[in-house]
Amino acid sequence: MTSSFYVEHCGPAVTVQDAGWRGTLASGLSRGGAADTLALAQVWALLGQEGSAVLELAGLGGRFEALSATRIAFAGANMDLRLDGEALLDHAVHRVEVGQVLDIGAARAGTYGYLGVGGGLETPRFLGSASTHRGAGLGQVIEAGQTLACGADATPDRVGLKLPQMNAKSGAIRMVPTAHTLLFSKDQREAFERTAFTRGARGNRQGIALETDVSFALKGGQSIPSETVIPGDIQVPGQGAPFALLADSQTTGGYPRIAAILPCDLPRVAQADVGETLRFSFVSREEGIAFERADRKARAALVKACTPILRNPADINDLLSYQLISGAISGENE
Amino acid sequence: MIVHTQERFPELRFVGVDGVLVRFGADVTEQANVAAFSFHQHIDSLRLQSILESAPSLSAVFLRLDLAGDLDATVQLIEAEMRAKDWLGLPFKPGRRWTIPCSFDGPQLSEAAGLAGVSEASTIAQITDSRLRVLTLGFAPGQPYLGSLEPHWNIPRMGGVAPKVPAGALVVAVRQLIIFSFEAPTGWRHIGQTAFRCFDKNRTTPFAFEAGDVVRFAQASAGEIEDLRRDTFGGARLETLT
C-alpha cells in the first residue's frame, strides 16, 4: 500500500534527503545527503526502512496532512510535534490515520529535524540518490501546496516504538590530523584545542563558521595546491577564521585544513545552534578509526534498540476513554 | 620540517579516518598532473573492494578506504602501487578532445589581458591556440580546471568581494581556465561565455568532462552562443582520439 501527504505550509529549507552519493567525488559532486547522518539512521531504524528518502527540516517545520493512513518517524533537532494538536513523542514511530494533521514547530534546540514516512518519499533520483543539493539543482526543495507521494510500505505495523536520544551534547568534538595539519605550528594546533569557538550565523549545508577572536591563518601565507575536500574538514581561509565543512561541501579547495572532524561527531557540529560553544580536541588516527568503527556498530544495532513506547497513565489526558476502549488495565504484556 | 623537493614524491598522507592522499608534487606541474591522472585510472582499474572511492585533484589522488576492511593492508597495497612505476615519468596520452565555442567578451577580458601583459586580440589567439587539458573536476559538479596556459598567465585571483558569473562563464587565473557549471561567485576573472553545460542532470552523460580530456576553444559571437544554448552540449564537438 502506498500513501501521500499534502504540504499545507513549511519552512524555506525543507528538503528531501537520504545518504547522498558515493563515487561522485571524481566528478565534483560531494557526498551530500542528510546533514545529521545519525538522525537519518534513527529514522530509518524506527521505520525499519534503511535507505529511504526522508524530509530534512532546517530550522523551521511545517504542517502536513496525511492523505491516506501511514506511519511517521521523527528524529534530530528538538521540534514540537503534534498530531491533530496532541503532543507526539519524537525519536519514535507512530501510526497516522487518513486526514490527520501533523504540525512540526520551529527548532527549539538543534538545526535539522528528520521526518520519515512509511514506504519512504518517492521523489526524483539522480545516480541512485533522492538527496537535494541546491547548488547542483538536484533533489527537491519542498513548498506549500505540494503533494508528497510515498512508496509501498513493507512493514506498516511497525509502530509505537522509540529510540533513546543518542545525540548527547557534551564534551569536545573529536578530530583527527589530516594532510595539512602539520603545516600549522604546534602552538596553533594547541591553541585550536584550547579555543571555545562559537557557531557563527554564517552557515548552511555546505558548512558553518567557527567564530573566535584568535586567527589560525598559516604563517607566511603558504600556498597549497587545490586538493580534495571532504565533509568534516576544518578549513582555514586566508583571514584565519575556521570553517567546518558539511555534507554539501565543495569537493576541492586550496585552503589549508587544520583537522578532520570524526564522521561520528559531525552530526553534533551540523546540529549546533547559532551562538553555541564548540570545543575540539585531537585524537590519533588509530583512536579515530576505533571510535568510528564502534559508532558504525552502534548504528547497525539501532533497529534492535527500538523499544515499545510505554505510556505513563499520568501523561494520558483522556485516561478514562483510553481504559474503556482498550478494556484492560492489567495488560497482558505487563 | 617540510622539505620542498621533488624527491619526496610520490608521498602518502592520511586524510581523516578513512582517507588517503597520494601526492605527486608540491605544485601543479604537467608532470604531477599526468601522474595523478594515471595513478587514479590505474587504481580504478584494479576495482579493489577495500577502496570505496578514488578522485584525482590537480597533483594528487584522494582514496577513500573501507573502514570495515584491513586498513593497514590496504595502505601497504597503495604504497606498493605508488612505487611500482615511475608515475612522474609518464607521457600524457589524450583520449578525447572537445572543441567548445566561446565568445570572448567577458567583463574582465581587458583587465585579465593587462595583467598577463598582452592585448585582448592576443589573449583570444593564445587561448584558442592552446591545447588545454582537464586537469581535474571539482568544486562544483562537473566543473573543469583547464590548463596549463603559458607562464605569463599566472595572474592572481581578485581580492575582496567576488562577483557572480553565470553558468558557462569562462574565467581565468593562475595559468588555468574554468568553465562554470552553475552561476556562482568567483575571484577568477570572467573573460568569455560558452553555452556549454558542464553538468546536466537530465543528460545521458550528466558530467560532460572526464579528467584528462583535451579541450580547445573556438571563437564565436555572442549571438552564436545564444543560439547554441538550445544544444545540450552548447555546440561543442567531441572526438575520440586513437
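Order of the sequence lines sets the chain letters (A, B, ...), proteins ahead of strands, with each chain counted from 1.
- When each of B/Pro206, B/Pro141, B/Gly138, B/Cys198 is checked for heavy-atom pairs under 4.5 Å with chain A, B/Pro141 comes out on top.
- When B/Leu67, B/Asn202, B/Leu137 are compared by the number of non-hydrogen pairs under 4.5 Å with chain A, B/Leu67 comes out ahead.
- Proximity to chain A (any heavy atom under 4.5 Å) is shown, for B/Leu58, by both the backbone and the side chain.
- Neither the backbone nor the side chain of B/Ala211 has a heavy atom closer than 4.5 Å to any heavy atom of chain A.
- Side-chain N or O atoms of B/Arg157 include none that pairs as donor or acceptor with a backbone N or O of B/Trp188 at under 3.5 Å.
- Here B/Ala55 is the residue among B/Ser59, B/Ala184, B/Gly142, B/Ala55 with the most heavy-atom pairs under 4.5 Å with chain A.
- Of the residues considered (A/Ser27, A/Ala260, A/Ser226), A/Ser27 shows the highest number of contacts with chain B, using heavy-atom pairs under 4.5 Å.
- The pair A/Asp18-A/Arg125 meets the salt-bridge criterion, with a side-chain N (NZ, NE, NH1 or NH2) lying under 4.0 Å from an Asp/Glu carboxylate O.
- With a 4.5 Å cut-off on non-hydrogen atoms, A/Ile230 touches chain B through its side chain but not through its backbone.
- The most heavy-atom pairs under 4.5 Å with chain B, out of A/Ala179, A/Ala259, A/Pro124, come from A/Ala179.
- In this structure, B/Arg197 contributes its side chain and B/Arg203 its backbone to no donor-acceptor pair below 3.5 Å.
- Side-chain atoms of A/Arg199 come within 3.5 Å of backbone N or O of A/Ala272 as a donor-acceptor pair.
- Remark: A/Tyr255 OH is loosely packed, at most 12 non-hydrogen atoms of other residues, nucleotides or ligands lying under 6.0 Å away.
- Neither the backbone nor the side chain of A/Arg257 comes within contact range of chain B; no heavy atom of the residue lies under 4.5 Å from a heavy atom of that chain.
- Residue with the most contacts toward chain A among B/Arg23, B/Arg64, B/Arg13: B/Arg23 (heavy-atom pairs, distance under 4.5 Å).
- Looking only at atom types and distance, the side chain of A/Gln206 has no donor-acceptor partner in the side chain of A/Asp248 under 3.5 Å away.
- In terms of heavy-atom pairs under 4.5 angstrom with chain A, the leader among B/Glu53, B/Glu210, B/His40 is B/Glu53.
- Using a 4.5 Å cut-off between heavy atoms, B/Ser181 makes no contact with chain A at all.
- With a 4.5 angstrom heavy-atom cutoff, B/Phe139 touches chain A via backbone and side-chain atoms both.
- Remark: A/Glu287 does not engage A/Arg285 in a salt bridge, criterion side-chain N to carboxylate O under 4.0 Å.
- Looking at B/Asp18, the atoms closer than 4.5 Å to chain A (heavy atoms on both sides) all sit in the side chain, from C-beta outward.
- Partners of A/Phe216 by ring pair (Phe, Tyr, Trp, His ring centres under 6.0 Å), not counting sequence neighbours, listed by chain and number: A/Phe192, A/Phe197.
- Interface residue A/Pro263: only side-chain heavy atoms are found under 4.5 Å from chain B.
- Of the atoms belonging to B/Pro144, not a single heavy atom falls under 4.5 Å from chain A.
- Interface check for chain B: of the options A/Arg22, A/Arg296, A/Glu227, the most heavy-atom pairs under 4.5 Å are formed by A/Glu227.
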Next on the checklist: With ring pair (Phe, Tyr, Trp, His ring centres under 6.0 Å) as the criterion, how do B/Phe196 and B/Phe180 come out once you've worked through the C-alpha distance, each side chain's angles and the decisive distance to 0.1 Å?
Outcome noted: CA-CA 9 Å; B/Phe196 193 79; B/Phe180 264 66; over 10 Å; no
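- Only the side chain of B/Tyr145 comes within contact range of chain A, judged by heavy atoms closer than 4.5 Å.
- Only the side chain of B/Phe207 comes within contact range of chain A, judged by heavy atoms closer than 4.5 Å.
- Only the side chain of A/Leu262 comes within contact range of chain B, with heavy atoms under 4.5 Å apart.
- The existence of a salt bridge linking A/Arg279 and A/Glu193 is excluded, since no basic side-chain nitrogen approaches an acidic carboxylate oxygen closer than 4.0 Å.
- A/Leu127 touches chain B through its side chain: at least one heavy atom from C-beta onward sits under 4.5 Å away, while N, CA, C and O do not.
- A ring-centre distance under 6.0 Å is not found for B/Trp87 and B/Phe9.
- Not one N or O on the side chain of A/Ser129 forms a donor-acceptor pair closer than 3.5 Å with the backbone of A/Phe126.
- Annotation: A/Glu50, atom CD; neighbour count of heavy atoms from other residues, nucleotides and ligands within 6.0 Å does not exceed 12.
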